[in-house]
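Throughout, protein chains are lettered first and strands after them, A, B, ... in sequence-line order, and every chain is numbered starting at 1.
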Amino acid sequence: MLQVNFIKENKERVLNGLKIRNYSEDQLGVIDEVIAVDELRKSTQTELDALLFERNSLSKEVGALYKAGKRDEADGIKAKVGQLKEKVETLQQQLKDKTEALANLLYTIPNVPHESVPGGNTDEDNEVFQAWEKDLPTLTETALPHWELAKKYDLFDLELGNKIAGAGFPLYRGQGAKLQRALINFFLDEAAAAGYEEIIPPLLVNETTARATGQLPDKEGQMYHAEKDDLYLIPTAEVPITNIYRDVILKESDFPIKLTGHTPCFRREAGSYGAHVRGLNRVHQFDKIEIVQIEHPDKSYETLNVMLEHVKSLLNKLELPYRILRLCGGDLGFTAALTFDFEVYSAAQKRWLEVSSVSNFETFQTHRMKLRYEDANNKKHLAHTLNGSALALARIFAALLENNQTEHGIKIPKALQAYTRFELIRNK
RNA sequence: GGAGAGUUGGCCGAGUGGUCGAAGGCGCACGCUUGGAAAGCGUGUAUACCUCAAAAGGGUAUCAAGGGUUCGAAUCCCUUACUCUCCGCCA
């Protein structure tokens, strides 16, 4: 969430940012509301602090008077302090209310988009940041979409997944399962080679954790919730991994912190339907390797580029055609300041599939998380967080099947063969 | 799941109603000392918010979390969480 002081000092910038996110004039009122509530909060605290000061000083006197044996005098002061009590309680309640009201307002305000974020409403308006310059693969008339290929080669089974869990929970088997595992290991090894420390985090997280990275309250309905224990199934490894550094004060020399992790990701995807969700295009559970960096604010955009390069190299090694989009204001996530999406071309479906999202959150997450660093003058500042998928498996898997299908079987890209230990997925 | 013990600052650890944001030690930083280092000596060393144009200064809160008793709570009471030990269950 944004800091009140930041909003006050950069009001125009914040308002413009919200406009890029297509806020109406009416909705922009929230900014003035925040400022007003904060003024009330401050004046309440000033009043309360003065009252508490009085109470504390008088109470100290009582102690001293008792020691000196002056009971009567002490009792007089006791009565006086007793009278303050009601007012203290009222003010304390008010302060609590105001603080809460402020927090609730701030929770509704999304991050300020980076200056490069274009306007626009939907994913149609995203800017093609890097197009695919070479020819797109073309397949024969008889080419199959991945869900058909899965049947032909027995790679995954949606019906069985449905039987066991429900729609959108794929079950991989045989060479399909092996290909999944190969991709996971490949991505993790590549991340390790790029200097990321591997983490295996919990797959369920508590409310504080989900709130810190901004999934709550914004994406409440998108996460699976184990109500009995009040835990959320992670929608991405970003959540538990970034939270490692919640409430931490770093030294400048600690930067950059680079973490990676493979986890399944669980998403309810409420409201999704239609042809675009066929097969593995949109599922409730998929595997993803996430890369996370915690950076010095001066370097975070440089680091964002480095992360883009990492994802590019993965796709190049997998020999998949891809393009990079810069998300427009309307498509940009609530917590992100700047996001680049990677899409791979699915030749059989003749469409682009999103396989990675690389974002800079600046201080939006670190403010909630209280993740700070200390500069040379011992001043504390909020750090920047970044993360990206490197990569999300289900759609990569789909694209690999479709693009590499031949009449003899499905070719495995060279870089992956060391992991799969087969070069071709053949009909049984 | 049951029983018991515990949770204090970066770490260890003292502290059972007032002068305690908290002794002492370790660590860390700076200075003195030294040819240099170690040792020694000295000084400093939490976070957030409010106030102040800013700094200085002042104030408030925080001893796991929340609530209560009291003029006053690290200290007493209640609730919750977590940790450890034992039992149960179990990969």
Sugar-phosphate or base contact per nucleotide [nucleotides 45-50 of chain B; S, B, -; heavy atom under 4.0 Å]
--SSBS

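Rounded to whole Å, the separation between the P atoms of B:rA56 and B:rA48 comes to 14 Å. On the P atoms, B:rG88 is 15 Å away from B:rG2, given to the nearest whole Å. The gap from the P atom of B:rG10 to that of B:rG68 amounts to 28 Å, rounded to the nearest Å. Taking atom C1' on both B:rG9 and B:rA5, the two are 24 Å apart, rounded to the nearest angstrom. As rounded to the nearest Å, B:rA22 and B:rG58 have P atoms that lie 13 Å from one another. Spacing between B:rA61 and B:rC20 at atom C1', rounded to whole Å, works out to 15 Å. Comparing the P positions of B:rG66 and B:rU75 gives an interatomic distance of 13 Å, to the nearest angstrom. Remark: the separation of the C1' atoms in B:rC63 and B:rU8 is 4 Å, to the nearest Å.
Atoms NZ (A:K60) and P (B:rG18) sit 13 Å apart, rounded to a whole Å. The nearest whole Å value for the distance from the CG atom in A:L95 to the P atom in B:rG59 is 19 Å. The distance between atom CG of A:D247 and atom P of B:rG9, rounded to the nearest whole Å, is 14 Å. For A:K379 and B:rA29, the NZ to P distance is 21 Å, given to the nearest whole Å. Atom CG in A:L58 sits about 18 Å away from atom P in B:rG18, given to the nearest Å. Rounded to an integer number of Å, the gap from CG of A:L48 to P of B:rG59 is 15 Å. Residue A:L51 contributes atom CG, which lies 16 Å from atom P of B:rC71 at whole-angstrom precision. Atom CZ in A:F53 sits about 11 Å away from atom C1' in B:rU60, given to the nearest Å.
Checking A:S346 against A:E402 by side-chain atom types alone, a donor-acceptor pair falls below 3.5 Å.
A salt bridge links A:K8 to A:E39: one of the charged nitrogens lies within less than 4.0 Å of a carboxylate oxygen. With respect to A:E148 and A:K151, no salt bridge is recorded, no charged nitrogen being found less than 4.0 Å from a carboxylate O. The pair A:K11-A:D32 counts as a salt bridge, with a side-chain nitrogen and a carboxylate oxygen less than 4.0 angstrom apart. Under a 4.0 Å N-O distance rule, the pair A:R13/A:E115 does not qualify as a salt bridge.
Within the 4.0 Å cut-off from OP1 or OP2 of B:rA61, at least one side-chain nitrogen or oxygen of A:N56 is found.
A:T366 places no side-chain N or O within donor-acceptor distance of the main-chain N or O of A:H384, the cut-off being under 3.5 Å.
Using a 4.0 Å heavy-atom distance criterion, A:K98 is classed as making no nucleic acid contact. Here A:I77 lies out of heavy-atom contact (under 4.0 Å) with every strand. Note on A:D75: nothing from the nucleic acid sits closer than 4.0 angstrom, heavy atoms only.
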What dot-bracket string describes RNA chain B from 5' to 3', counting Watson-Crick and G-U wobble pairs whose defining distances are under 3.5 Å, with [ ] for crossing pairs and | for pairs to another strand?
((((((((.[[[..)..(.....]]]((((((.......))))))((((((.....)))))).[[[[[..)....]]]]])))))))....

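Ring pair A:Y301/A:H114: centre-to-centre distance below 6.0 Å. Aromatic rings of A:Y172 and A:F397 (six-membered ring for Trp) have centroids within the 6.0 Å cut-off, being under it. Ring centroids of A:Y373 and A:H296 are separated by less than 6.0 Å, placing the two rings close together.
When each of A:K85 and A:L52 is assigned the nucleotide of RNA chain B bearing its nearest heavy atom, the one mapping closer to the 5' terminus is A:L52. Taking the nucleotide of RNA chain B with the nearest heavy atom to each of A:E54 and A:K78, the more 5' of the two is matched to A:E54.
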Where do A:Q27 and A:S24 land on the side chain to side chain donor-acceptor pair (under 3.5 Å) test, with the steps shown first?
CA-CA 5 Å; A:Q27 291 171 307; A:S24 68; 3.3 Å; yes

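In this structure, A:R211 is not positioned above the aromatic face of A:Y232 in the sense of NZ or CZ being under 6.0 Å from the six-membered ring centre and within 45° of the axis.
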